[in-house]
Amino acid sequence: MRIISICPSNTELLAFLGAENLLVGIDDYSDWPSQITALPRLGPDLAIRMDELEALKPDLVLASLSVPGMEKNVEELVRRKIPHLVLNPQTLEEIGQDLLAVGQACGIDAHPIHTEFLSVIEDIKNRSSLAENHPSLYWEWWPKPIFTPGSVNWLTEISHITGARNAFEDVASANFQTDWEDVRQRDPDYILLAWVGIMTSKVKPELVRKRPGWNEMKAYNHIHIMEEELYCRPSPRLIEGAIRLGKLIHPELYSDLELPRFIREKQT
């Protein structure tokens with residue numbers, strides 16, 4: 001079977017299913033696992049070069065509406081009558097269902113990895129139930145203008161299952177624009193910078209420290225750079241992100257929690 005993935009989260013889904021060997025092409029941003037880096041690149045996820053994609057004669061193309069603007073690619077896949085599967089996960093449960101759906105489409109039994117995925121989530125939840133406090137987290141997806149996730153997003157869920165809460169969980173949106181004054185008024189305990197598409201080495205906390213009133217906030221000593229690839233992509237790698245978050249905000253509950261086997265195996 002010949003598969004093309006046109007966004008990083010779908011490439012990672014395939015990898016967790018042990019099916020990365022079926023890939024014949026990927027988008028420019030897919031970078032994990034290392035085994036896929038030599039595959040043909042077909043352009044940024046929002047500007048896939050469809051002629052090149054079609055020339056690879058895929059049996060299946062994996063797209064995802066979790067990437068705003070992906071609709072354009074999907075419309076073109078439909079127009080060209082190229083077989084495709086469109087995912088749109090917003091929760092950990094939906095990511096688990098996507099594992100099953102992609103597995104079924106590829107003729108792979110995804111139930112073992114799905115079961116392990118759910119088991120780790122339950123372990124994380126059980127630990128957070130012992131938390132004595134639940135700090136508020138401000139997740140920054142983009143600095144100017146400021147974008148942050150609302151309630152309809154996996155980061156709100158990850159915040160919750162690790163014993164915290166998204167400072168913007170009252171906003172019924174997956175991703176929305178706000179301003180610094182709103183953030184300042186909410187006065188979160190932590191400021192977590194996960195700028196979409198930006199390497200951690202390029203994230204600049206000093207931009208936050210130039211904003212008015214930041215040094216009077218509870219998060220004064222808690223501005224952290226978070227790995228974009230572990231928090232901004234709806235794949236099972238979010239579990240690694242959740243564990244790292246738990247160790248940051250509740251080290252007494254998570255310090256002994258190791259990465260699950262299904263993640264460790266892909267890192268070797």
Side-chain angles (χ1 to χ4, degrees), residues 1-27 29-36 39-40 42 45 48 50 53-54 56-68 70-124 152-154 157-158 161 174 229-230 232-242 259-267:
M1 189 173 192
R2 298 172 61 82
I3 300 177
I4 291 175
S5 169
I6 56 175
C7 75
S9 59
N10 289 344
T11 305
E12 294 169 9
L13 277 174
L14 280 171
F16 282 112
L17 292 171
E20 63 266 38
N21 61 306
L22 301 179
L23 283 165
V24 296
I26 52 177
D27 66 283
Y29 300 137
S30 287
D31 57 8
W32 189 93
S34 59
Q35 295 92 319
I36 58 93
L39 288 168
L42 301 172
D45 50 12
I48 297 296
M50 284 294 172
L53 182 151
E54 189 170 18
L56 289 171
K57 300 185 183 305
D59 298 304
L60 181 67
V61 176
L62 296 178
S64 178
L65 296 182
S66 66
V67 180
M70 181 64 72
E71 294 85 354
K72 177 183 175 182
N73 290 327
V74 174
E75 290 169 2
E76 189 63 14
L77 290 169
V78 171
R79 190 184 72 81
R80 295 177 183 236
K81 299 181 180 179
I82 298 173
H84 60 279
L85 178 62
V86 182
L87 308 177
N88 188 22
Q90 296 295 340
T91 67
L92 294 175
E93 180 182 358
E94 290 173 354
I95 291 169
Q97 291 301 312
D98 285 348
L99 278 170
L100 296 174
V102 173
Q104 183 176 19
C106 298
I108 297 170
D109 182 10
H111 288 90
I113 187 70
H114 181 249
T115 298
E116 189 171 357
F117 176 72
L118 295 181
S119 176
V120 178
I121 293 172
E122 283 305 307
D123 188 4
I124 293 171
V152 191
N153 187 273
W154 55 82
E157 184 177 6
I158 285 176
I161 68 172
E229 65 271 19
L230 299 183
C232 300
R233 303 176 183 179
S235 91
R237 293 185 78 193
L238 289 174
I239 295 300
E240 181 177 352
L259 291 178
R261 177 189 58 82
F262 71 88
I263 292 178
R264 294 198 308 270
E265 287 180 348
K266 290 301 175 182
Q267 293 182 331

For residues 103-114, run the donor-acceptor check on the side chains, cut-off 3.5 Å, and write out each pair with its distance to 0.1 Å, sequence neighbours left out.
{"unit_1": "D109", "atom_1": "OD1", "unit_2": "H111", "atom_2": "N", "d": "3.1"}
{"unit_1": "D109", "atom_1": "OD1", "unit_2": "H111", "atom_2": "ND1", "d": "2.9"}

Would you mind writing out the side-chain donor-acceptor pairs for residues 1-10 within the sub-3.5 Å range, not counting sequence neighbours?
{"unit_1": "R2", "atom_1": "NE", "unit_2": "L56", "atom_2": "O", "d": "3.0"}
{"unit_1": "R2", "atom_1": "NE", "unit_2": "K57", "atom_2": "O", "d": "3.4"}
{"unit_1": "R2", "atom_1": "NH2", "unit_2": "L56", "atom_2": "O", "d": "2.7"}
{"unit_1": "S5", "atom_1": "OG", "unit_2": "C7", "atom_2": "O", "d": "2.9"}
{"unit_1": "S5", "atom_1": "OG", "unit_2": "T11", "atom_2": "N", "d": "3.1"}
{"unit_1": "S5", "atom_1": "OG", "unit_2": "T11", "atom_2": "OG1", "d": "2.7"}
{"unit_1": "N10", "atom_1": "ND2", "unit_2": "L62", "atom_2": "O", "d": "3.4"}
{"unit_1": "N10", "atom_1": "ND2", "unit_2": "A63", "atom_2": "O", "d": "3.0"}

Side-chain donor-acceptor contacts of residues 74-81 below 3.5 Å, not counting sequence neighbours, with atom names and distances?
{"unit_1": "E76", "atom_1": "OE1", "unit_2": "R79", "atom_2": "NE", "d": "3.2"}
{"unit_1": "E76", "atom_1": "OE2", "unit_2": "R79", "atom_2": "NE", "d": "3.3"}
{"unit_1": "E76", "atom_1": "OE2", "unit_2": "R79", "atom_2": "NH2", "d": "2.7"}
{"unit_1": "E76", "atom_1": "OE2", "unit_2": "R80", "atom_2": "NE", "d": "2.7"}
{"unit_1": "E76", "atom_1": "OE2", "unit_2": "R80", "atom_2": "NH2", "d": "3.3"}
{"unit_1": "R80", "atom_1": "NH1", "unit_2": "D51", "atom_2": "OD1", "d": "2.9"}
{"unit_1": "R80", "atom_1": "NH1", "unit_2": "E54", "atom_2": "OE1", "d": "2.6"}
{"unit_1": "R80", "atom_1": "NH2", "unit_2": "D51", "atom_2": "OD1", "d": "2.8"}

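Contact record, E12 with S235: OE1-OG, 2.6 Å, taken as the closest heavy-atom pair. Closest non-hydrogen pair, C232 versus W154, comes out as O-CZ2, 3.5 Å. Here the closest heavy-atom approach between residue A174 and residue N153 is recorded as O-ND2, 3.2 Å. Scanning both residues, P58 and P83, for their nearest heavy atoms gives O-CD, 4.3 Å. Nearest heavy-atom pair, N88 versus L65, reported as atom, atom and distance to 0.1 Å: OD1-C, 3.4 Å. Contact detail for I26 and I36: the closest heavy-atom pair is CD1-O, 3.4 Å.
How far CG of L238 is from CD1 of I158: 4.5 Å, rounded to the nearest 0.5 Å. Taking CG of L259 as the reference point, atom CD1 of I239 lies at 10.5 Å (rounded to 0.5 Å). How far CD1 of I161 is from CD1 of I124: 4.5 Å, rounded to the nearest 0.5 Å.
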Does the pair N73 and V67 meet the rule for a side chain to side chain contact (heavy atoms under 4.5 Å, CB included), with working shown?
CA-CA 11 Å; N73 290 327; V67 180; over 6 Å; no
Report the C-alpha distance between L22 and L14 in whole Å, list the side-chain angles of each, state the deciding distance to 0.1 Å, and finish with yes or no for side chain to side chain contact (heavy atoms under 4.5 Å, CB included).
CA-CA 9 Å; L22 301 179; L14 280 171; 5.6 Å; no
Side chain to side chain contact (heavy atoms under 4.5 Å, CB included) between L13 and L99, worked out:
CA-CA 6 Å; L13 277 174; L99 278 170; 3.6 Å; yes
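The aromatic rings of F16 and W32 are tilted relative to each other, their planes meeting at an angle between 30° and 60°.
For the ring-ring contact (aromatic ring centres under 6.0 Å, His included) test, no residue two or more places apart in sequence or in another chain qualifies with Y29. Applying the side chain to side chain donor-acceptor pair (under 3.5 Å) rule to E20 yields the partners K266; only residues at least two apart in sequence or on another chain are considered. Checked against side chain to side chain contact (heavy atoms under 4.5 Å, CB included), T91 has the following partners two or more places apart in sequence or in another chain: E93, E94, E157.
In this structure, I95 and P236 have side chains that are in contact, with non-hydrogen atoms separated by less than 4.5 Å.
Looking at R261 and E265, a side-chain N of the basic residue comes within less than 4.0 Å of a carboxylate O on the acidic one, giving a salt bridge.
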